[in-house]
Amino acid sequence: MLTAIVAAGVASALLAWLAGGILREAVRRYRAQFTAEARVRLGEAFVFIDPTQVWTASIACCAASAAIAWLASGSVVAGAAAGAAMLAVPRWLAARWRRRRLARFDAQLPDTLAALASALRAGASVQAALRVIVERSDAPLGQEFGLMLREQRLGVPFEAALGHLYERMPSEAAGLVVASLRIAAQTGGNLAATLERIAETLRARLHLQGRIRALTAQGRLQAWVVGCLPPLMALVLDALEPDAMALLWHTPAGWCVLGLVAMLELLGTYMIRRIVAIEV
């Protein structure tokens, strides 16, 4: 009997050691991937923060959300789910930040192209006109074109620098500008008139996008209401009838119901957002 107990203890300790090693290796790989991606994203946005600080803040927020969910619901599963969900928040914030940066860049392009066309008509070269525009433009346009000019000063060819600009700002408007500048550099032509036509097209496109956002505002609000109403109702009912809601938080059947509700919530929100997301 004693031998069996010792063997079981040794086996349990060995399994725990192996599981700990696997978990440490998984955390190490995830941290390396996270910091590498954070370094790239922060560099693209010209935000100079140590990626390890972002990693530490992410882990702290994950632990805090898990603890708050566990204390509020008394369920270990709810705490683990909240902590796991918090791991996706940094990527979501980075993607949202990138989309807003791209939108800001596209909004700055029409006026910049008009100013560049005016400078070309006045007899300035493309590089000289771009230097003046960089000095007078706000972020992110001034940062991106300024980086392109610095690459040229370091010996990068003009077309390669334009390609790097499009890699950092992969929008349709940036693609039009890069294509026009590449064609002008290779074959010449009336670049000022081309830039003016592109600026007019982009202004009309931005105006149409604004009208679409105004017309679909109700649908986007509906998506937020559909997504936020069930969790809020669950919290209210838990405060009013804690005994009845305990079956939802502390039983396997309740966990299955919560998982199904979460899946339906995500599906409904996704479908609504896809319906109102009209590409121009």
Linking I/L/V/M/F/W/Y whenever their side-chain heavy atoms sit closer than 4.5 Å, directly or via other members, would Leu235 and Leu229 fall into one cluster? no
Identify the heavy atoms of Ala174 and Leu109 that sit nearest to each other, and give their distance. N-CD1, 3.9 Å
How about Leu232 and Val236: do any of their side-chain heavy atoms sit closer than 4.5 Å? no
Is there a path from Met245 to Leu247 through hydrophobic residues (I, L, V, M, F, W, Y) whose side chains come within less than 4.5 Å of each other? no
Using a 4.5 Å cut-off on heavy atoms from C-beta on, say whether the side chain of Glu196 contacts that of Arg121. yes
Could you walk me through whether Arg104 and Arg100 pass the side chain to side chain contact (heavy atoms under 4.5 Å, CB included) test, one step at a time? CA-CA 6 Å; Arg104 174 68 174 166; Arg100 294 185 65 179; over 6 Å; no
In short, Leu202 meets Leu176 closest at the heavy-atom pair CD2-CD1, 4.4 Å
Hydrophobic cluster identity match, Val134 and Val156, side-chain contacts under 4.5 Å: no
Thr35 meets the side-chain hydrogen bond (donor to acceptor under 3.5 Å, both in side chains) criterion, sequence neighbours left out, with none
Residue pair Val177 / Ser180: nearest heavy atoms and the distance that separates them: O-OG, 2.7 Å
Is any side-chain heavy atom of Leu149 closer than 4.5 Å to one of Phe145? no
Do Ile133 and Leu141 pass the side chain to side chain contact (heavy atoms under 4.5 Å, CB included) test, and can you show the C-alpha distance, the side-chain angles, and the key distance before you say yes or no? CA-CA 9 Å; Ile133 289 173; Leu141 189 140; 4.3 Å; yes
Smallest heavy-atom separation, Ala199 atom then Pro110 atom, equals CB-O, 3.6 Å
Quick check for you: to the nearest 0.5 Å, what is the distance between Ser65 atom OG and Met86 atom CE? 4.0 Å
Scan for side-chain hydrogen bond (donor to acceptor under 3.5 Å, both in side chains) pairs involving residues 105-114, sequence neighbours excluded, and state none if there are none. Asp106-Ser171, Asp111-Arg203
Would you say Arg91 has more than 12 foreign heavy atoms packed within less than 6.0 Å of its CZ? yes
Check: Leu191 and Ile183 side chains under 4.5 Å, non-hydrogen atoms: no
Flag yes if Leu215 and Ile212 sit in one hydrophobic cluster, no otherwise; membership is Ile, Leu, Val, Met, Phe, Trp, Tyr, and two members link when side-chain heavy atoms are under 4.5 Å apart. no
To the nearest 0.5 Å, tell me how far Arg168 CZ sits from Arg98 CZ. 10.5 Å
When you look at Met271 and Leu267, which way does the side chain to side chain contact (heavy atoms under 4.5 Å, CB included) test go after all the steps? CA-CA 6 Å; Met271 291 180 65; Leu267 180 60; 4.0 Å; yes
Check Ala192 against Ala117 and note the closest heavy-atom contact, atom names and distance. O-CB, 3.5 Å
Could you tell me if the side chain of Leu147 sits less than 4.5 Å from the side chain of Gln143, heavy atoms only? no
Side chain proximity check, Phe158 to Val126, heavy atoms < 4.5 angstrom: yes
Separation of Thr194 OG1 from Arg197 CZ (nearest 0.5 Å): 4.5 Å
Pair listing, side-chain hydrogen bond (donor to acceptor under 3.5 Å, both in side chains) test, anchored in residues 149-166, at least two apart: Glu151-His164, Glu159-Gln186
Side-chain heavy-atom pair Met263, Leu266 within 4.5 angstrom cut-off: no
With side chain to side chain contact (heavy atoms under 4.5 Å, CB included) as the criterion, how do Leu221 and Gln218 come out once you've worked through the C-alpha distance, each side chain's angles and the decisive distance to 0.1 Å? CA-CA 5 Å; Leu221 179 61; Gln218 183 178 358; 5.6 Å; no
Taking the side chain as C-beta and beyond, is there a heavy-atom pair between Ser125 and Leu120 under 4.5 Å? no
So does Glu144 pair up with Arg101, basic N to acidic O under 4.0 Å? yes
